[in-house]
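Order of appearance sets the numbers: ligands from 1, and atoms from 1 within every ligand. Start at 1 with the first residue, then count along the sequence.
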Amino acid sequence: MPSEPKSTENYVEKPKTLAALREEISSGRVKAADLAASYYARIEQKNPRLNAYLSLTRERALAQAERMDDLAAKGDPLPPLAGIPMGIKDVLVMRGAPSTAGSRILENYEPPYDCTTVTRLEAAGAVLLGKLNCDEFAMGSSNENSAFGPVRNPVDPDRVPGGSSGGSAAAVAANLAVATLGSDTGGSIRQPASFCGVVGVLPTWGRVSRYGLIAYASSLDRIGPFAANVRDAATLLGVIAGHDPKDATCSAAPVENYAAESDKPAAGLRIGVPAEYFGEGLDTEVRDAIEKGIAALEGAGCTIKPVSLPHTKYAVPAYYLVATAEASANLARFDGVRYGYRSPRSATLSDMYAHSRDEGFGAEVKRRILLGTYALSAGYYDAYYLKAQQVRRILAEEFLRAFAEVDAIVTPTSPFPAFKIGEKAGDPLAMYLADIYTVTASLAGICGVTVPCGATKAGLPVGMQVLARHMGESTAFRVARAVEASAV
Ligand code: GLN
């Protein structure tokens, strides 16, 4: 909390744990329908300033809550997320609900189907309250690129919540949802979670089905949960993870009981600390907080070892080539023909494409389509895209070598805490550099968790990133639990 609050209104509130809520609902002491109504009341009160929700799915939420209340009244066994109020990032499609991806081009788009993660959450009893604001097509690190206005950080509303899943992080921090889903291509779950003081999970690439995710960069995109504590985040991952015949890139590897695994003590785990993540550009207060977190892990019985990831410095340029190249291909589908915005100012078909895209896309999205198209064009492909792919392979191999010696790697999630709204908005390069510690794991395909790890003197949250090898989520959760328990 800021030592001198700038606003008289306090937005930060910790949601109850899943276990506590589940107990209240299954015993009938709390009705899921009343709980949902109380969340809508809080959203009405706090959302106008925070701008975390873009739209609400009241009817659907209340129908689901009533179903859960009926089950409880009959004494039937309740599914694991029965009655839990949640929010969904607006890049995830929900049947009949606006799914804008933060873009004007999809402003009136109501998809005819549900994404798999929504189907799984609802099958587990979750009550989905609405759709959460984000940077347009998930491109950004501050949520300032949303066509529907920035989200404010509940800890300090003059600051950004991080991005691109800013609404998902802010909603949990302000208790406008007990938990949320976001997507992470280069840091979009981890960085906003760290800025808002909540837990965020980057599952292994392929661990969670992306059927129904509006694609940004398909070789990097992942869906993952936000929660107020590590155990809840682990429970949620267990619900959404696992094979899906609708997504050919989704792994059939068995889903572990992440919540139970996270209960195991971290003692005995070997923790790697890469010097490359503690160099120039790291805010000293963030460094201090992370060093305290590392000391706490040592106190919990972990062995701390230096590891080296020497090609880290090439990760940001490699990421912004691969991501923009894939984005230029993925966003070609928005042409105003079958769905989305169509410009009325068009005499010919090619005019219609050009005007619809020009009027529908925001500046950052256009910048990335141009960059990506350039990087893939004849004559430049080898120099840029191919080079970036080679760097990507080297980074992945470096992680593999490091994970031969350690069970997890810990780093700051972001080089600095939440910055002021507007502070970096005019400088795309400075914004891209905010992703310096997150894009490496994205390129390598490995998994990670960000967990709150202290705060700056001004009360801004600091997040520790815990990385683990492919399908090593259970280990990342165990380490994150130890950091959480130490209350750095
Ligand atoms: N900030 C990064 C980008 O703009 C990451 C965004 C994301 O993970 N979706 O590409």
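No side-chain N or O of Gln191 forms a donor-acceptor pair with one of Thr438 less than 3.5 Å apart. In this model, a donor atom of one side chain and an acceptor atom of the other lie less than 3.5 Å apart for Lys89 and Ser164.
Residue pairs meeting the salt bridge (charged side-chain N to carboxylate O under 4.0 Å, His left out) criterion with at least one partner in residues 322-337, sequence neighbours excluded, are absent. Here salt bridge (charged side-chain N to carboxylate O under 4.0 Å, His left out) pairs that include residues 135-151, with residues two or more places apart or in two chains, number zero. Applying the ring-ring contact (aromatic ring centres under 6.0 Å, His included) test to pairs two or more places apart or on separate chains, those with a residue in residues 196-252 are Tyr113-Tyr211.
If you look at ligand 1, the protein residues with a non-hydrogen atom under 4.0 Å away are Ala138, Met139, Gly140, Ser141, Ser164, Asp184, Thr185, Gly186, Gly187, Ser188, Tyr216, Tyr319, Tyr320, Arg368, Asp435.
Classification of Asp184 and Arg222 as a salt-bridged pair fails, no side-chain N sitting under 4.0 Å from a carboxylate O.
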